[in-house]
Colleague: 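Starting off with a structure, shown below.
Note: hydrogens, waters and symmetry copies are ignored here, and every other heavy atom, side chains too, is used. These numbers were taken from a predicted model, which means no experiment stands behind them.
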Amino acid sequence: MMSKRSLDLAREVLQAIHRTATPENVRDQLLRTLAGVGVEHVLLATLRICDAVPCDRRPTVFAGTYPDEWARRYYARDYILHDPVVRGVGERGSGFAWSDPGLCAPDDRAARRVLDEAGEFGLREGFTLPLLTLEGDTAGVSFVGEKLDLSPAVRGMLTLVGTYALGQVLLLAKGETGPLAEPLSPRERESLQWAADGKSDQEIADAMGISAHGAIRHLRAVRRKLGTTSRAHAVALGLRLGIIS
């Protein structure tokens, strides 16, 4: 669960992103508002994963600030085939730090080399969020810096912010920024508020006096109406729209 400070920062970032007109504006607002937790670089991209490795050698980057020299070396040496962060995007279901145990096996020298050389370009510590787009494409959002705050509260905040930021750059890339077409019902709004408080499906059901299946149905309707792909994305959008607090 996020602290009040992290939740306030998440609201600030979501509001800043909402006012953007281009993916580059989203990138710049992320860097401006998240500098206090050590974010110096961001990357928002989609890529096709086949058997835990990229099908294509280059992801589709919607917004990013990784150094050009590092990008040239990365693709020239096919580092994408050995990058443990890319592998994590394909294999993991939630956000992870680049220093998390198990991301890079001790005997995987190729993967270790990618992380070590990235550090030489200022990409030393990172938190990456694996996501799926509405079209089912694999996507990843990375927050990177020399010394990144990786506390649980900040990880939760980055999960909310990253989920919303990716949705925003995808909408901007398509030229779609329309308002909510179908409003949430009071019960759907209530279920989303409980989800924002970090409650599980069963806990939401208990709080609302309904079955777990009913809670899941309400949250599924929320995601459909908001056009979001995950609970975190729905919570982020709900906060930005003022549907929940």
Colleague: What pairs meet the salt bridge (charged side-chain N to carboxylate O under 4.0 Å, His left out) rule with one or both residues in residues 142-160, with sequence neighbours excluded?
Modeller: Asp100-Arg155, Arg124-Glu146
Colleague: Do Tyr79 and Glu117 have a side chain donor and acceptor closer than 3.5 Å?
Modeller: yes
Colleague: So that I can tick it off, tell me whether Arg87 and Asp83 are bridged by a salt bridge, with the cut-off set at under 4.0 angstrom between side-chain N and carboxylate O.
Modeller: no
Colleague: Do side-chain atoms of Asn25 reach the backbone of Thr22 as a donor and acceptor pair under 3.5 angstrom?
Modeller: yes
Colleague: Give the other cluster members for Met208, using side-chain heavy-atom distances under 4.5 Å between Ile, Leu, Val, Met, Phe, Trp and Tyr residues; answer none if it is isolated.
Modeller: Trp194, Ile204, Ile210, Leu219
Colleague: State, with a plain yes or no, whether a side-chain heavy atom of Leu129 is found less than 4.5 Å away from one of Phe143.
Modeller: no
Colleague: Would you indicate whether the side-chain heavy atoms of Asp137 and Leu132 approach each other to under 4.5 Å?
Modeller: no
Colleague: Please report the C-alpha distance between Met157 and Val154 in whole Å, then the side-chain angles of each, then the deciding distance to 0.1 Å, and finally whether the side-chain contact (heavy atoms from CB on, under 4.5 Å) criterion is met.
Modeller: CA-CA 5 Å; Met157 181 272 294; Val154 170; 4.1 Å; yes
Colleague: Looking at side-chain heavy atoms only, is the closest gap between Gln29 and Val13 below 4.5 Å?
Modeller: no
Colleague: For Thr46 and Ala139, which heavy atoms make the closest approach, and how far apart are they?
Modeller: CG2-CB, 3.8 Å
Colleague: Should the pair Asp8-Lys4 be classified as a salt bridge under the 4.0 Å nitrogen-to-oxygen rule?
Modeller: yes
Colleague: Counting distance only, does the side-chain N/O of Asp108 pair as donor-acceptor with the main-chain N or O of Ala111 below 3.5 Å?
Modeller: yes
Colleague: Are any non-hydrogen side-chain atoms of Leu158 and Leu34 less than 4.5 angstrom apart?
Modeller: yes
Colleague: Show me the pairs that pass side chain to side chain donor-acceptor pair (under 3.5 Å) and involve residues 213-223, at least two apart or across chains.
Modeller: none
Colleague: Heavy atoms only: give me the nearest Thr65-Glu40 pair and the separation to one decimal.
Modeller: OG1-O, 4.0 Å
Colleague: Just how far is it from atom CD1 of Ile244 to atom CG of Leu192, taken to the nearest 0.5 Å?
Modeller: 4.0 Å
Colleague: Which residues satisfy the side chain to side chain donor-acceptor pair (under 3.5 Å) test with Thr128, sequence neighbours excluded?
Modeller: Trp98, Ser142
Colleague: My understanding is that only residues two or more places apart in sequence, or in another chain, count here; which of them pass ring pair (Phe, Tyr, Trp, His ring centres under 6.0 Å) with Phe121?
Modeller: Trp70
Colleague: Quick test of your reading of the model: are Arg187 and Glu190 salt-bridged, counting only N-O distances below 4.0 Å?
Modeller: yes
Colleague: Please check: side-chain N/O of Glu125 versus main-chain N/O of Leu148, any donor-acceptor pairing under 3.5 Å?
Modeller: yes
Colleague: Kindly indicate whether the side chain of Leu115, heavy atoms from C-beta on, has any atom under 4.5 Å from the side chain of Cys104.
Modeller: yes
Colleague: Does any non-hydrogen side-chain atom of Leu30 lie less than 4.5 Å from one of Leu44?
Modeller: yes
Colleague: Counting only heavy atoms from other residues, nucleotides and ligands, does the tally under 6.0 Å from CZ of Arg77 exceed 12?
Modeller: yes
Colleague: Is a side-chain donor or acceptor of Glu12 paired with a backbone partner of Leu9 at a separation under 3.5 angstrom?
Modeller: no
Colleague: Please list every donor-acceptor pair under 3.5 Å in which a side-chain atom of residues 230-238 meets a protein atom from a residue at least two apart or in another chain.
Modeller:
unit_1 : atom_1 : unit_2 : atom_2 : d
Ser230 : OG     : His233 : N      : 3.1
Arg231 : NH1    : Lys199 : O      : 3.2
Arg231 : NH2    : Asp201 : OD1    : 2.2

